[in-house]
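Have a look at the structure below before the remarks.
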Amino acid sequence: MTDSADTPVDGPPLLTLTEVVKTFPGVRALDGVELTVRQGEVHCLLGQNGAGKSTLIKVLSGAHRPDAGQITWQGRSVSFADPQAAMRAGIATIYQELDLVPDMTVAENILLGHEPRTAGFVRRGAMRAAAHTALTRLGHGEIPLGRPVGRLPAAAQQIVSMARALSREARMLIMDEPSAVLAHDEVSNLFRIIRELRDQGIAVVYISHRLEEIRQICDRVTVLQDGRTTAADLPATTPTAELVGRMTGRTLEHVFPPRPPRAPSGELLRVEGLTRHGEFSDASFTVGPGEIVGIAGLVGSGRSELLETVFGARRPDAGHVLVDGRRLKPGSVAAAVRAGLGLAPEERKSQALLLGEPVQNNIGLASLSRHATAGFVRRGAERAAATEVADRLELRPQDVGRRARTLSGGNQQKVVVGRWLLGGTRLLLLDEPTRGVDVGARAELYQVVRSLAEDGVGVLLVSSEVPEVLGLADRVLVMREGRIVHEARAEEIDEHTVLDLVMAGSLLEGAAQ
Amino acid sequence: MTDLASAAAPKMKTSWWRDDASEPVRRNLGLTGVLVALVVIGLVSAPDTFATSGNVLNILTQASAIGVIAIGMTFVIIGGGIDLSVGALTALSAVWCTTVATQGFGGGGMLFTALVVGTVAGTINGVLIAYGRLVPFIATLAMMVGARGLATKISNKQTQPVNVESINRLAENKLLGIPVLVLIFAGVTAVGWVVLNRTTFGRRTVAVGGNAEAARLAGINVRRQTVLLYALSGLCCGLAALMVVAQANAGSSSQGDLYELDAIAAAIIGGTTLTGGRGTVIGSLLGVVVFTTITNLFILNNLPTEVQNIVKGAIIVGAVLVQQFQPRDLFRKR
């Protein structure tokens, strides 16, 4: 079963990265990455959220150009201008969100962009033959060539995506969390395919959060932390403790505000047995006034869905939400807002802000009627209130007449928080509050959240950054695959334990039996 | 003014002129420029007739009915939708309010009927879109076909002359020398501006059109707002129908033909974006007046209408190209 670990390959390096650096405004996403991938090996990239894995993939696939450092591909120094260039060189990337055209057939998708043709006419027979060859190489010649891709199950779509890479003669395949969309038995099939590709001399760069999976499929592991390589070319048999150790202990450049030394009393929010099939099940917990409760979990563990269901933006299949002991009408945002709940959603720009509108209108959006008489907005009152909130949150620039678009990520987040502050919210739901926020502004946001809690606001926080949850929250809930698997006071649990809980490979424990 | 702003925000050195805040003004300035150019052309090509007060009031009267519809359309488009049924709803309201039975209730009864018919039909549009989840284009396309058909059926393909004195005189009536129809148009424009810029209804419209998900997660009832927007557009059609009837002294199912295209075009060249969330009432007003002035110029100079439509088409394309043009695009790579 785990034969992969027994046969490490020592082929010549196919790809070598040296001292690769990539900086975005305010963030050093990659800060000296070293990576060596050999021909015919499965190489795993391991790291926490924010460690730089996604940026590294984008550099490898040509979507980003590195600021410094060297990429050597098949013995030559290269710099890919765009994804097409990387593809021509033989590097194919399979993202979680597959880039297939749902209404086109399997064969059309596999040969998309390099159809065999004569004088502009597609040679359909040749196209089908080429598509069939690619699928057969993956052991899936049975996938119907003429069916629209959108009507295939997720696992088959993934195989079509891989067939496309093969038809372009890729020498290296980058797979970003390919098992996330698959069911148990489909994962073992995926592993079989990956091993076959490896035996055909193709290198696979495999990204996953599941340690058990990594043990099964990988030959070597490279660990990233804070945009740096902390361990390169570890054998896949490296003990879990050591792997997790290489991923944790990141130097926090931001300071968390101190927790007040009092025990939380009272209860503001009570969630009982909340369930949405396929997303999360049987979630029960409470949040007290002035308490910050953090939910740690991976993307896809159901945390954002849970938060949105508490807020009424999704309708639960079972269970209920109580505020001050009174049940909220399920699936009603208006009821939640009236009860004093406020949500700062995960996707700030697409879910929270009116980017073209002034900050004042954005802050006032949830409390329009409060600053209106007979339907007319009292703009002076609204402006004064918005300015007061902006002052309290230290919004910069302070001018509330400025368009939301012109603000930095951290200040945009303050606008969203300010919207609920103005609305008199007593329970704030924060979904990934520091995503896309640079390091300096993070500390400020943490301060804001803590000071709100000190004023008696309850906070329910979701983050995939474990140190953030541990540093900010009073109490921590750990979520994995739709279930709350652990609850602890933040002082009584460490990053190591949380990561272990979050990443434990229950998926393969089940499959191996 | 800029000193204060830059003191508060030392990093942001953009002047007000470059700032997004000035964008509606810049757009309207462009349109005002077109209008000025048209006036100059008018003064040169028809010096005796164009600048007379009679002709100017004539232009505004011609613009009034379509102008009222364009204001309603502006709200719908800012709210993220489109209403293709406005021409048909105008015809339906016009026919319904000029039936013999309705005319028996006098001018007030006719006005009431026109407004109710338009509003109800608009509400149906809104309910189909908000609760039936039909795409606005399809729902209002169906209403456009259906309402025109119903209008033809009610009128039995006949033109229905109006025998009510107050309506027949409406188009000729003047207040302080200004035709009543123009005053209605001005009033609707003013109310539209206030509603869009000063009320919670206007704020919600911008929020729903600009980012429906954000509006929903801020506790705004997006569906209700959508229904209200189409109802508003229908209400405007009802009012416009009465104005059309007053001008023709009759109601007919062929009235309001292609009004939807004129209203959408006016809103678009006025700077309202079809993706929603952005637009101005003043821009749509200018858009309607520009179009009517072009028509007027062609009539004064005895030019064929087909050329007029070519010019209108070119103006739509030109206006949108100018709006999309950003000076900084020239300096940005890709």
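Naming convention: chains lettered A, B, ... in sequence-line order (proteins, then strands); numbering from 1 in each chain.
For chain A, the option among B:G210, B:G277, B:A218, B:A215 with the highest count of heavy-atom pairs below 4.5 Å is B:A218. No other option in A:L354, A:V337, A:T373 has as many heavy-atom pairs under 4.5 Å with chain B as A:L354.
Around atom CG of A:D324, more than 12 heavy atoms belonging to other residues, nucleotides or ligands sit under 6.0 Å away. Heavy-atom neighbours of B:F137 CZ from other residues, nucleotides or ligands within 6.0 Å: at or below the threshold of 12. With a 6.0 Å radius and a threshold of 12 heavy atoms from other residues, nucleotides or ligands, A:R327 has its CZ atom at or below the threshold. Atom CD of A:E388 sits in a sparse spot, with 12 or fewer heavy atoms from other residues, nucleotides or ligands closer than 6.0 Å.
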For the pair A:E382 and B:R203, evaluate side-chain contact (heavy atoms from CB on, under 4.5 Å) and give the outcome as yes or no after the intermediate values. CA-CA 13 Å; A:E382 188 193 62; B:R203 280 288 177 79; 2.8 Å; yes

Give the C-alpha distance, both sets of side-chain angles, the deciding distance and a yes or no for side-chain contact (heavy atoms from CB on, under 4.5 Å) between A:L365 and B:I220. CA-CA 8 Å; A:L365 192 64; B:I220 290 173; 3.7 Å; yes

Chi angles and distances behind the side-chain contact (heavy atoms from CB on, under 4.5 Å) call for B:R198, A:V377: CA-CA 6 Å; B:R198 291 288 182 265; A:V377 180; over 6 Å; no

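Heavy atoms closer than 4.5 Å to chain B are found in both the backbone and the side chain of A:L368. Contact annotation for A:A313: both backbone and side-chain heavy atoms come within less than 4.5 Å of a heavy atom of chain B. Interface remark: A:F376 contributes backbone and side-chain atoms alike to the contact with chain B (heavy atom separation under 4.5 Å). Contacts of B:V194 with chain A are made by side-chain atoms alone, with heavy-atom separations under 4.5 Å and no backbone atom involved. Neither the backbone nor the side chain of A:S332 comes within contact range of chain B; no heavy atoms are under 4.5 Å apart.
The heavy-atom pair separating A:Q351 from B:L217 by the smallest distance is O-CD1, 3.7 Å. Nearest approach of A:A372 to B:T200, heavy atoms of both residues: CB-CG2, 3.5 Å. Scanning both residues, B:G219 and A:A334, for their nearest heavy atoms gives O-CB, 4.4 Å. Closest approach of B:N197 and A:R379 over heavy atoms only: O-CD, 4.3 Å.
Under a 4.0 Å N-O distance rule, the pair B:E213/A:K349 does not qualify as a salt bridge.
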